[in-house]
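One structure is given below, encoded as structure tokens.
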Amino acid sequence: MKELTDSVIKELFVKTGVDEKYFSYYETELKRQHKAFREEYPYDENEDEEERAEDEKIEKACIECANDYIRYYVEEKEKGHGHKWSDSVARDRVGGEHEFFVYNNAYTSIENEAEKDKELTIHAYSLNSDPFFIEQYKRYFIDQSEYPQEDAVKYTKTYLDCLSKGKSEVYAKQYALRLVDYCESKEYCELYASKYEESINKGRDESKTIRIANEYVDLYERYWPEDDNMLGIEAHKGYMEGFEYAVDNNIESPEEYAKKYEEEYLAKRFPYEMFDR
């Protein structure tokens, strides 16, 4: 293939079996591939048989790349994507990019925020049409999760499992977040979600609720290593009462206040107990 004539391009395109409406995109890509090849390996009439065979091998690879490009391009366009997204995805897939970079590059190539959101929604919908999944996929994608689809599937399943067990939406959301986003044990997820829900139901704002729930979980091993450890349970209870009071009343250094509160609490609860904390 010394020259890419119109008839040669048309013949190659027909062999792909792609709809005629995509011909111009195939033509552009094939010419780009061929030009890049010829710039690096100029045609030489005097090349020997071995060099000619290598030329033909590389030219064949150019055609294969163009064929792969149009196949990937059409896949994206048929989902409803625009040209810029489809072109970016097709080029990166031909180049062998990791899936994370394929779609992240397509997303970042679009400047208009409304268009970016539209393209991401179309992409998520193509993976799973469930609205809840789409919402979670977009969140994980934007947060740069390396495996947004897997994370969204796990989150959705965990969230719905909680609801099926009679848990509230507030609890289910927090439990799923801790399990998927922070990879914490189920026991810690239960502790965090229950404390978060309790705090929200008391009318606290998001900031205070998160601070209290985090402190509650952080103290678990320190104060409550076993269910039958009464001292640990009471120490945990006393500390949290003090901590929550301090947070609610905007007391500086709620940790220090809580420690003092805990000491007084335990002294009243166990007046004859000797212990070292």
Side-chain angles (χ1 to χ4, degrees), residues 4 9-10 12-40 58-159 176-177 180-183:
L4 271 181
I9 296 173
K10 191 70 175 179
L12 290 170
F13 176 75
V14 170
K15 288 180 180 179
T16 67
V18 173
D19 193 297
E20 180 70 25
K21 65 183 179 182
Y22 296 111
F23 173 72
S24 63
Y25 302 107
Y26 179 81
E27 180 182 33
T28 299
E29 182 61 18
L30 183 57
K31 285 182 177 180
R32 187 187 72 81
Q33 291 277 359
H34 190 261
K35 180 182 178 183
F37 161 63
R38 277 304 171 206
E39 287 176 350
E40 188 169 355
I58 297 174
E59 285 191 338
K60 183 180 179 181
C62 289
I63 296 171
E64 289 175 351
C65 285
N67 291 347
D68 286 341
Y69 168 87
I70 199 63
R71 178 161 55 86
Y72 297 139
Y73 181 88
V74 170
E75 280 183 16
E76 297 305 305
K77 285 290 287 184
E78 293 298 303
K79 293 174 187 176
H81 288 293
H83 169 71
K84 201 164 189 177
W85 173 286
S86 301
D87 177 66
S88 178
V89 168
R91 288 184 186 280
D92 280 347
R93 289 187 68 181
V94 170
E97 285 282 9
H98 184 282
E99 182 177 328
F100 170 82
F101 295 107
V102 169
Y103 297 109
N104 189 65
N105 289 343
Y107 180 74
T108 56
S109 71
I110 301 168
E111 297 179 0
N112 182 276
E113 291 300 320
E115 186 180 348
K116 285 174 76 169
D117 182 68
K118 177 183 176 182
E119 295 286 5
L120 183 55
T121 301
I122 292 171
H123 173 58
Y125 183 87
S126 72
L127 301 173
N128 189 320
S129 61
D130 179 71
F132 190 79
F133 169 86
I134 292 172
E135 178 186 350
Q136 299 313 313
Y137 179 89
K138 290 169 68 175
R139 178 174 66 84
Y140 282 112
F141 185 97
I142 292 171
D143 288 346
Q144 298 283 289
S145 166
E146 188 173 359
Y147 302 103
Q149 183 175 0
E150 289 85 343
D151 287 342
V153 167
K154 185 176 181 181
Y155 181 98
T156 301
K157 181 180 184 306
T158 302
Y159 177 85
L177 280 172
V180 181
D181 293 22
Y182 299 96
C183 300

Inset, instruction - If the plane angle is over 60° it's perpendicular, under 30° parallel, otherwise tilted; pick one for Tyr25 and Tyr22. - result: tilted
Inset, instruction - Determine whether Tyr137 and Val153 make a side-chain contact, defined as any pair of heavy atoms from C-beta on separated by less than 4.5 Å. - result: no
Inset, instruction - State, with a plain yes or no, whether a side-chain heavy atom of Arg91 is found less than 4.5 Å away from one of Asp87. - result: yes
Legend entry - Lys79 charged N/C atom sitting above Tyr125 aromatic ring, 6.0 Å / 45°: no
Legend entry - Row check, Tyr69 ring normal vs Arg32 NZ/CZ: under 6.0 Å, within 45°: no
Inset, instruction - State plainly whether the residues Asp19 and Lys77 are in salt-bridge range, i.e. N to O under 4.0 Å. - result: no
Legend entry - Thr16 side chain vs Phe13 backbone, donor-acceptor pair below 3.5 Å: yes
Legend entry - Close aromatic pair by centroid cut-off 6.0 Å: Tyr159 and Phe132: yes
Inset, instruction - Assess the side chains of Tyr103 and Asp92: does a donor N or O sit below 3.5 Å from an acceptor N or O? - result: no
Inset, instruction - Verify the distance criterion only: is there a donor paired with an acceptor across the side chains of Gln149 and Asn128 at less than 3.5 Å? - result: no
Legend entry - Distance (rounded to the nearest 0.5 Å) between Glu78 CD and Ser126 OG: 13.0 Å
Inset, instruction - Mark yes when over 12 heavy atoms from residues, nucleotides or ligands other than Glu111 sit less than 6.0 Å from its CD; otherwise mark no. - result: no
Legend entry - Partner of Lys118 by side chain to side chain contact (heavy atoms under 4.5 Å, CB included), out of Leu120, Ile122, Thr121: Ile122
